[in-house]
Protein chains: 2
Amino acid sequence: MMSRTSQAPNECDSSKSSIVASRPRLWETASAMSKQKDNGTPAVRHPGQKISLKFLADHLGLSPATVSLVMNRSAVADSIPKATQDQIFAAAHKFNYRPNFLARSLRTQRTFTIGVIVPEVSEGYETLVLSGIEEHLLREGYFYFVASHHHKPDLIDEYPKLLLARSVEGLIAVDTPWQHDLSIPVVAVSGHNEMQGVTNIMLDHRRAAELALEHLFKLGHRRVAFIKGQEFSSDTEARWDAIVQAATKLGLTIHAKLTTQLLGDVPSPDLGYQVTRRLLAKHEPFSAMFAFNDISAIGAIRALREKGLRVPEDVSVVGFDDIQSAAYQNPGLTTVRQPLRKMGRIAAETVLRRITRDGMDYPKQITVEPELVVRESTCKAGRANVAKSRFRKDC
Amino acid sequence: MMSRTSQAPNECDSSKSSIVASRPRLWETASAMSKQKDNGTPAVRHPGQKISLKFLADHLGLSPATVSLVMNRSAVADSIPKATQDQIFAAAHKFNYRPNFLARSLRTQRTFTIGVIVPEVSEGYETLVLSGIEEHLLREGYFYFVASHHHKPDLIDEYPKLLLARSVEGLIAVDTPWQHDLSIPVVAVSGHNEMQGVTNIMLDHRRAAELALEHLFKLGHRRVAFIKGQEFSSDTEARWDAIVQAATKLGLTIHAKLTTQLLGDVPSPDLGYQVTRRLLAKHEPFSAMFAFNDISAIGAIRALREKGLRVPEDVSVVGFDDIQSAAYQNPGLTTVRQPLRKMGRIAAETVLRRITRDGMDYPKQITVEPELVVRESTCKAGRANVAKSRFRKDC
DNA sequence: CTGGTTGACTAAAGCGATTTAGTTACGATT
DNA sequence: AATCGTAACTAAATCGCTTTAGTCAACCAG
């Protein structure tokens, strides 16, 4: 088995700085544009001719080995005279030569490719994590494949295999329950897996629950409604446990009649809307809601409004995640912020670190801290009660 | 040059249906699980042994050629007895063999990989297009690389080259101005390029402008403020031209003092917010706004609100795109819907079609139709005037 | 004159498939 | 008995690169 400690290809001492810092460069062909004297046997360039290493070599009257060695700035190539090297670079530049990544990968067993699997690509949550992942990976010269499984077990099963067949060097799973035991490093964002070989990046749920509940508690809310996440979401359970703990600590009672759970696997504010309507139909009084995520909080607010309840005057609402649209809701959504982009970045960093320093030791878990973002959807509780509070204004 | 008309590999008549319809399967190894009699010379399986074709062949006492032929259900393999075939499948299944995609790609010159370049991965607009692209590509057995360039010219230059070096078979560019002349099919979503080799998927801007302006006009709005897109956005110019035309047709005057333009390249409602504040500072009366996109409309609404103007009672606002959060704004955003997901799907379909039916003929442009989505951010104009309309309620 | 260095390259194996052009054995035909 | 046909495989080239182990000539030291 090949050691993964080898550095990225073409990482060389060239002083030419690339646009994207420190990426494994695909040979900077421009380095020696001068002195391009075409050698004795200039290979004829047929119209559709692919520019391969061999083509260059023939053109220069050298062997592919030499060209490769020089272009990769291999130590072995030190003995090759500057003049020859320049010729090689010049030719490469002239023909705009780019090595074939497939061939190189096949040979070196390095693909610089990561697989990412997520439930959806179009959701606020995943989207932010993805952007953190993407930024780091591309900066480091990797590309990635994304596959979204919409929580379908078949796909959750299938995609990792397909990605593996494509020789990805690592896998990042976002909000996806994990069963596999893969031969490559796996990092799960919001995973909660205790699997061999996976690093979990997760929020400090305890702290998150405390932040939200303390905030509501201090504002005087005692009857709080909760929207739990769907069964399949890997955060649901941990989040709920943390809420129960935090509530206990505060002496806040959780009323069974005021807790509901999201249903449906296509994420949409509508899920929160439906669940809140059902909640309101019970005529059980409450002065605040804590939703599983921002998207359901947004739906909840709509449902409340439709019943003539003002947010936050009659009911305070706290979301979770701080997706981009949370800030631009009206009222701005008070929410527990997950550093989603950062979590993505950490996931990417971790997976790359595990790939390159292929040690047996890797972190089983990395915890990140939440942050309470107070906007306009929460305020002091009045004599809070769904029935009574309808037309009061106390903010 | 190899013909691209060859069908996807492993597309066979096997009755076993795959999870994902009609994808080029990576050999369904389960097809013959019975009768696995290990041949005379069972290759020893070392712990870290990679399962290659050669390994299987050795194990079975056959040549790699035979195994490959059978597994690919090549016509040449017709003469190979069922018994042998079964043994091969059984062994493949037993060892959970998956062909190495890199090797296969290198040989066949088919990578089943598409490159996608977008400004951001985390924005509502791109995100929806991406999800349309992704759905179609994965269904067809392709994977894709995404690269986001944040409108940086260097990256817009660099990424296509890197993707090409990775042998993508086609490229989809979303909202990205295009200069390159690539050797592979290129599809641009909202591109407005007249480049050789690129198919543009674009909205019928004329119709879009008409929908929005007619709507406002019918509601009685005569003084409409406009927010134009940033210079770099490929839609900006076409959209504006269409607006001018539609306005002329309606007899609506466009006031220079009421038109502003977004600045800044990190998309955020804040851009719309800033621009609207500046607009309001002019104290030029208007009763409606037409924003370049939903995201700026959302910021605009916030700015209006801050000045004590109600939306829609005092100022009606029309957005553009119909990103997901538009529906869940409060008030719900009236907007011109671009069928973004569909545009993504069409882009994917088109690029695949161009890859497989490698004809010279390809559509230069595909136009999709917008749709007006009336929600709550627009209503009848009163004696509309920023100064006067402050405390009226006429909806 | 011999042997050792060094400089400048190159041959060739190998990564893991696919695919064309055979080869071999065997039974059937002429 | 020679030929043919067919069934059942296989050899080997190839895709485009990397990389180790040489090769070969020139130069130098002893």
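So you know, we letter chains A, B, ... as the sequences are listed, proteins then strands, and number each from 1.
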Nearest-Å distance, [atom1] ([X]) to [atom2] ([N])?
X: B/Leu69; N: D/dA12; atom1: CG; atom2: P; result: 17 Å
X: B/Leu60; N: D/dC9; atom1: CG; atom2: P; result: 11 Å
X: B/Arg104; N: D/dG16; atom1: CZ; atom2: P; result: 18 Å
X: B/Leu102; N: C/dC15; atom1: CG; atom2: C1'; result: 10 Å
X: A/Arg166; N: C/dG16; atom1: CZ; atom2: P; result: 18 Å
X: B/Lys54; N: C/dT18; atom1: NZ; atom2: C1'; result: 16 Å
X: A/Lys50; N: D/dC17; atom1: NZ; atom2: C1'; result: 15 Å
X: A/Ile88; N: C/dT10; atom1: CD1; atom2: C1'; result: 12 Å

Using a 3.5 Å distance criterion without hydrogens, assess whether the side chain of [X] forms a donor-acceptor pair with backbone atoms of [Y].
X: A/Ser105; Y: A/Ala103; answer: no
X: A/Gln85; Y: A/Ile80; answer: yes
X: B/Arg354; Y: B/Val186; answer: yes
X: B/His180; Y: B/Ile156; answer: yes

Proximity to the side chain of [X] - top-ranked nucleotide from [options]:
X: A/Arg107; options: D/dC9, D/dC17, C/dT19; result: D/dC17
X: B/Val76; options: D/dC9, C/dT10, D/dA12; result: D/dC9
X: A/Ile80; options: D/dT18, C/dC9, D/dC9; result: C/dC9
X: A/Ser52; options: D/dC9, D/dT14, D/dC17; result: D/dC17
X: B/Ala65; options: D/dT10, C/dT18, C/dC9; result: D/dT10

| task | Run the ring-centre check on A/His136 versus A/Tyr142 and record whether the distance is less than 6.0 Å. | result |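 When the ring centroids of A/His136 and A/Tyr142 are compared, they turn out to be at least 6.0 Å apart.
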
[N], OP1 or OP2 - any side-chain N/O from [X] closer than 4.0 Å?
X: B/Ser79; N: D/dA8; value: no
X: B/Gln109; N: D/dG16; value: yes
X: B/Thr66; N: D/dC9; value: no
X: A/Asn100; N: D/dC15; value: no
X: B/Tyr97; N: C/dA17; value: yes

| said: Roughly what angle, to 10°, lies between the helix axis at the start of the helix from C/dC1-D/dG30 to C/dT30-D/dA1 and the one at its end, five pairs per end? | reply: 90°

| message | For A/Val146 versus B/Phe143, what's the shortest heavy-atom pair and its separation? | response | O-CD2, 4.4 Å

| request: Would you kindly compare B/Ser63 and B/Ala103 by the position of their nearest DNA chain D nucleotide and give the one closer to the 5′ end? | output: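 Nearer the 5' end of the strand: B/Ser63.
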
| request: Mark yes or no: B/Arg166 above the aromatic ring of B/Phe145, with NZ or CZ under 6.0 Å from the six-membered ring centre and no more than 45 degrees from the axis. | output: yes

| field | Partner residues of A/Lys54 under the salt bridge (charged side-chain N to carboxylate O under 4.0 Å, His left out) criterion, sequence neighbours left out | value |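 Expected list: A/Asp58.
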
| message | Does B/Thr84 reach a base, just sugar-phosphate, or nothing at all? Heavy atoms under 4.0 Å. | response |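 The residue B/Thr84 makes sugar-phosphate contact but no base contact.
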
